Amino acid sequence: MQRAIVLVVLALALLGLGWILWGPKGKAGLDPTQGARFALGDPNAPVVVVDFSNYLCPHCQNHALNILPQLKAEYIDTGKVRYLFRDFPFPGQAQVIRASEAAACAADQGRYYEYHEVLFRASSSWGNLQGSVLDRYLVDLAGQMGLDEKAFSQCLSSGRHREGVLADQKLASDLGLTGTPTFFIAGEKRTGFLPYEEWKTLLDKALAGKR
C-alpha cells in the first residue's frame, strides 16, 4: 500500500513537471485583458491587474480570501486599479469548469465577486463532487447568498457560460501560463502567491509611472 502511494505521488509530480517543461510556451502579441468578462473597479483606472486563478488552487484561495480584500479597499475601491478575473481550470478539472460557470451565473445576478469568494471558502466541500450532485451544491450556495435559485439553476443547466470559461482556459494556454495564480500587473507577469507588501510595492511603482 505504501509503495502504491509513493508511486501515485511520483506520477503526479512527473505530470506536474511535464506540464511545466512541455506545456504551452505562449504566443507573442496576446493581450491578457482582451475579452475579460468580470471586473472590479473603475474602467478608467490607471493600472490594470489581470488575475488567472483556479478554484481548487490553495495559493489562489489564500490570495482571494486574504490579499484581494486588502487590494480592494486600498486600490480598487479608490479608483486606482481595475481588477480583471479570468478562469484557469487545469486539464481534467471538470468540477473547476463547472464552478467557474456557476460564478458566471452569479454575475448574471450582479454577485460575481461574492460568489467567487464563497467558492474559495467552500472548496473543500465541493472539490470532489461531480455531475448533478455538484450542480445541486452550487445552486444551494447561490440560495444561501440570497440569489434567485430558480434563475441560477436554469443558467447553470443551460451551459451558456461554458464557452466563456473555456475561452479563458485557452487564453491561459496561449499565453504559456503553467501555474496559478498568475497575475499581470500593469502588463508585468507574476506567478504564485504574493504577500501584500509585494503587491503594494508593485502597484505603487506602476501608479507612479502613470503620473
Side-chain angles (χ1 to χ4, degrees), residues 19-21 23-90 96 99-100 103-104 106-107 110-121 123 161 164-211:
W19 176 254
I20 292 170
L21 294 178
K25 299 305 179 188
K27 300 177 181 178
L30 294 177
D31 180 359
T33 72
Q34 188 66 38
R37 296 166 294 144
F38 312 114
L40 291 175
D42 186 344
N44 298 313
V47 170
V48 176
V49 170
V50 187
D51 172 351
F52 283 85
S53 284
N54 180 303
Y55 284 115
L56 292 183
C57 157
H59 295 303
C60 300
Q61 181 190 58
N62 192 4
H63 173 80
L65 300 183
N66 298 308
I67 303 299
L68 183 52
Q70 298 181 71
L71 295 177
K72 188 173 181 296
E74 186 169 352
Y75 291 96
I76 299 170
D77 292 346
T78 56
K80 298 174 183 176
V81 168
R82 175 78 163 169
Y83 195 96
L84 308 181
F85 298 90
R86 316 239 38 171
D87 296 310
F88 189 7
F90 299 144
V96 176
S100 300
R111 300 288 297 282
Y112 175 83
Y113 175 65
E114 295 92 332
Y115 197 88
H116 174 84
E117 189 175 53
V118 165
L119 282 174
F120 278 115
R121 291 191 187 282
S123 61
H161 290 301
V165 176
L166 296 181
D168 275 8
Q169 184 187 48
K170 182 178 185 302
L171 176 61
S173 178
D174 289 345
L175 287 165
L177 309 188
T178 56
T180 54
T182 293
F183 306 102
F184 288 85
I185 305 168
E188 181 180 342
K189 185 174 81 169
R190 293 295 182 104
T191 300
F193 178 81
L194 303 176
Y196 188 67
E197 294 74 18
E198 188 168 350
W199 273 102
K200 278 187 63 66
T201 298
L202 292 169
L203 291 176
D204 288 346
K205 178 182 176 183
L207 287 164
K210 297 293 183 178
R211 295 191 184 115

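Small disclaimer: the values here were computed from a predicted structure and weren't measured.
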Euclidean distance, [Y] [atom2] relative to [X] [atom1], rounded to 0.5 Å:
X	Y	atom1	atom2	value
Gln34	Leu84	CD	CG	11.0 Å
Leu175	Lys170	CG	NZ	10.0 Å
His63	Phe120	NE2	CZ	8.5 Å
Leu166	Leu171	CG	CG	12.5 Å
Ile76	Tyr83	CD1	OH	6.5 Å
Leu207	Lys200	CG	NZ	10.0 Å

Next on the checklist: Show, in sequence, the C-alpha distance, side-chain angles and deciding distance for Thr33 and Phe184, and conclude whether the side-chain contact (heavy atoms from CB on, under 4.5 Å) test is met.
Outcome noted: CA-CA 9 Å; Thr33 72; Phe184 288 85; over 6 Å; no
Side-chain donor/acceptor of [X] to backbone N/O of [Y], under 3.5 Å:
X	Y	result
Thr201	Glu197	yes
Gln169	Val165	no
Asn54	Phe88	yes
Arg37	Ala107	no

Next on the checklist: Set out, in order, the CA-CA distance, both residues' side-chain angles and the distance that settles side-chain contact (heavy atoms from CB on, under 4.5 Å) for Arg121 and Glu117, then state yes or no.
Outcome noted: CA-CA 6 Å; Arg121 291 191 187 282; Glu117 189 175 53; 3.8 Å; yes
Note, [X] side chain near [Y] side chain (heavy atom, < 4.5 Å):
X	Y	answer
Tyr75	Trp199	no
Phe90	Leu56	no
Leu68	Phe85	yes
Pro32	Arg86	no
Leu203	Leu71	yes

Checklist entry - Under 30°, 30 to 60°, or over 60°: which ring-plane class applies to His116 and Tyr55, parallel, tilted or perpendicular? => result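 Answer is perpendicular, since the angle exceeds 60°.
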Next on the checklist: Under the rule for ring pair (Phe, Tyr, Trp, His ring centres under 6.0 Å), what residues qualify as partners of Tyr113, not counting sequence neighbours?
Outcome noted: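 Tyr113 satisfies ring pair (Phe, Tyr, Trp, His ring centres under 6.0 Å) with no other residue.
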On a heavy-atom basis, which atom in [X] and which in [Y] lie closest, and how many Å separate them?
X	Y	result
Arg82	Ala45	N-CB, 3.5 Å
Pro46	Gly79	CD-O, 3.5 Å
Ser100	Asp87	OG-OD1, 3.4 Å
Pro195	Ile67	C-CD1, 4.4 Å
Pro69	Ala64	CD-O, 3.4 Å
Gln70	Asn66	NE2-O, 2.8 Å

Checklist entry - When you check the side-chain N and O atoms of Thr191 and Thr182, is any donor under 3.5 Å from an acceptor? => result yes
Item to check | salt bridge (charged side-chain N to carboxylate O under 4.0 Å, His left out) partners for Arg111, two or more places apart | outcome: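 For Arg111 the salt bridge (charged side-chain N to carboxylate O under 4.0 Å, His left out) partners, ignoring immediate neighbours, are Glu114.
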